[in-house]
Colleague: 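My questions will all concern the structure given below.
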Amino acid sequence: MTNVHDASPDGVVVRARGLLGRTLHGHGAAVRITEVEAYGGIEDPASHAFTRTPRSEIMYGPPWRLYVYRSYGMHWCANVVTGPSEIAAAVLVRAGEVVDGLETARARRGGVADVALARGPGNLARALGLSVDDLGTDLLTGDGVRLGPAPEVSPPISEGPRVGVSKAADVPWRFWIAGDPTVSAYRRSPRAATAPGQDVER
DNA sequence: TAGGCGATGACCT
DNA sequence: GGTCATCGCCTAC
């Protein structure tokens with residue numbers, strides 16, 4: 001577990017958990033990450049990188065880059081490439097609490113409750129003003145979109161099955177800050193096969 | 001060139 | 001809590 005070797009699947013999990021509580025700065029707004037999902041790259045059927053294509057190429061590159069993709073034709077989803085290059089692992093940022101640029105986020109989201117401003121991958125990207133223009137942005141040195149430092153105190157973390165994925169949906173690689181109101185509700189993918197004996201918590 | 005598919009969001013009951 | 005609507009992109013042929 002303390003084996004944080006990049007090449008191990010555990011490394012992805014460790015990095016995913018490590019993103020919780022960190023701040024993600026977007027365009028004119030920033031959120032404190034409260035919910036993430038880990039994707040194991042080439043070893044994970046649910047990952048876009050499972051099949052190497054031009055779209056997923058970015059994930060095979062250096063870590064700490066931003067991978068943005070469009071879902072259902074209208075939603076943008078933001079991922080943090082965690083690397084290493086050969087594994088193409090990434091972490092989907094699912095939800096966050098707006099901590100800066102509140103007015104900007106509100107304007108973009110059109111009058112929803114503050115806790116829902118960045119609830120859900122698509123909403124979070126919208127609140128931060130993220131789009132395909134930010135694809136490949138280096139989150140450590142980027143001027144606009146960037147990642148803040150880790151919190152001094154690690155937040156309490158809960159884990160569970162991933163949301164919305166149609167494959168490997170029973171892998172408990174979804175992590176969120178326990179009790180945080182901005183965390184999106186769990187919903188299993190309609191296409192996900194029923195996992196025997198895999199009860200959904202909460 | 002055509003078809004399939006999606007890591008969703010919003011709305012309705 | 002459950003169901004439906006949506007659009008564009010990606011992959012395969």
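A, B, ... follow the sequence lines: proteins, then strands. Residue 1 opens every chain. Since this is a predicted model, take the numbers as computed values, not measurements.
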Colleague: Using atom types as modelled and distance alone, determine if a side-chain donor or acceptor of A:Glu37 lies under 3.5 Å from a backbone N or O of A:Val163.
Modeller: yes
Colleague: Using the six-membered base ring of B:dA7, report whether A:Tyr69 stacks on it, requiring centroids under 5.5 Å and planes under 30° apart.
Modeller: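 Here A:Tyr69 fails the 5.5 Å or the 30° condition.
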Colleague: When the distance from NZ of A:Lys167 to P of B:dG6 is rounded to whole Å, what number comes out?
Modeller: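 The answer, rounded to whole Å, is 6 Å.
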Colleague: Counting only side-chain heavy atoms from C-beta out, which of B:dG9, B:dA7, C:dC7 sits nearest to A:Met74?
Modeller: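 Per side-chain heavy atoms of A:Met74, the pick is C:dC7.
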Colleague: Looking at A:Phe175, I'd like to know if the NZ or CZ of A:Arg94 sits under 6.0 Å from its six-membered ring centre while staying within 45 degrees of the ring's axis.
Modeller: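 Cation-pi check for A:Arg94 and A:Phe175: fails.
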Colleague: Base, sugar-phosphate, or nothing for A:Arg52, non-hydrogen atoms under 4.0 angstrom?
Modeller: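 Nothing: the residue A:Arg52, judged by heavy atoms under 4.0 Å, touches no strand.
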Colleague: Can you tell me which stems DNA chain C forms, taking runs of 3 or more consecutive Watson-Crick or G-U pairs with both distances under 3.5 Å?
Modeller: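 Result, WC/G-U stems under 3.5 Å: B:1-6 with C:7-12, B:8-12 with C:1-5.
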Colleague: Listed by chain and number, what are the ring pair (Phe, Tyr, Trp, His ring centres under 6.0 Å) partners of A:Tyr69, not counting sequence neighbours?
Modeller: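 Applying ring pair (Phe, Tyr, Trp, His ring centres under 6.0 Å) to A:Tyr69 gives A:His48, A:Tyr67.
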Colleague: Can you sort out the partners of A:Arg108 under side-chain contact (heavy atoms from CB on, under 4.5 Å), two or more places apart, ordered by chain and number?
Modeller: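 Expected list: A:His27, A:Ala29, A:Thr104.
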Colleague: Applying the side chain to side chain contact (heavy atoms under 4.5 Å, CB included) test to A:Val145, which of A:Asp134, A:Asp138, A:Leu128 qualifies?
Modeller: A:Asp134
Colleague: Check for me: is A:Tyr72 stacked on B:dG6 by the 5.5 Å centroid and 30° plane-angle rule?
Modeller: yes
Colleague: Once you round it to whole Å, what is the distance between P of B:dG6 and OH of A:Tyr67?
Modeller: 13 Å
Colleague: Mind calculating the distance between NE2 (A:His48) and C1' (C:dG8) to the nearest angstrom?
Modeller: 13 Å
Colleague: Just to confirm, is there a sub-4.0 Å distance from OP1 or OP2 of B:dG9 to any side-chain nitrogen or oxygen of A:Arg70?
Modeller: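 No, outside the criterion.
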Colleague: For the side chain to side chain contact (heavy atoms under 4.5 Å, CB included) test, which of A:Thr23, A:Leu66, A:Ile33, A:Val93 pairs with A:Leu147?
Modeller: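 Single pass found, and it is A:Ile33.
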Colleague: Taking the P atom in each of B:dA7 and C:dA12, what is the distance between them to the nearest angstrom?
Modeller: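 Result for the P pair: 16 Å, nearest Å.
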Colleague: With the criterion being N/O to N/O and under 3.5 Å, what pairs connect the protein with nucleotides 11-13 of chain B, and how long is each?
Modeller:
none

Colleague: Identify whether any heavy atom of A:Asn79 sits under 4.0 Å from a base atom; if not, whether one sits that close to sugar-phosphate; answer base, sugar-phosphate or nothing.
Modeller: base
Colleague: What residues, two or more places apart in sequence or in another chain, satisfy side chain to side chain donor-acceptor pair (under 3.5 Å) together with A:Asn123?
Modeller: A:Arg109
Colleague: Roughly, in whole Å, what's the span from CD in A:Glu57 to P in C:dC10?
Modeller: 13 Å
Colleague: According to side-chain contact (heavy atoms from CB on, under 4.5 Å), who are the partners of A:Ala178, at least two apart in sequence or on a separate chain?
Modeller: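 For A:Ala178, the residues satisfying side-chain contact (heavy atoms from CB on, under 4.5 Å) (neighbours in sequence not counted) are A:Pro156, A:Ser158.
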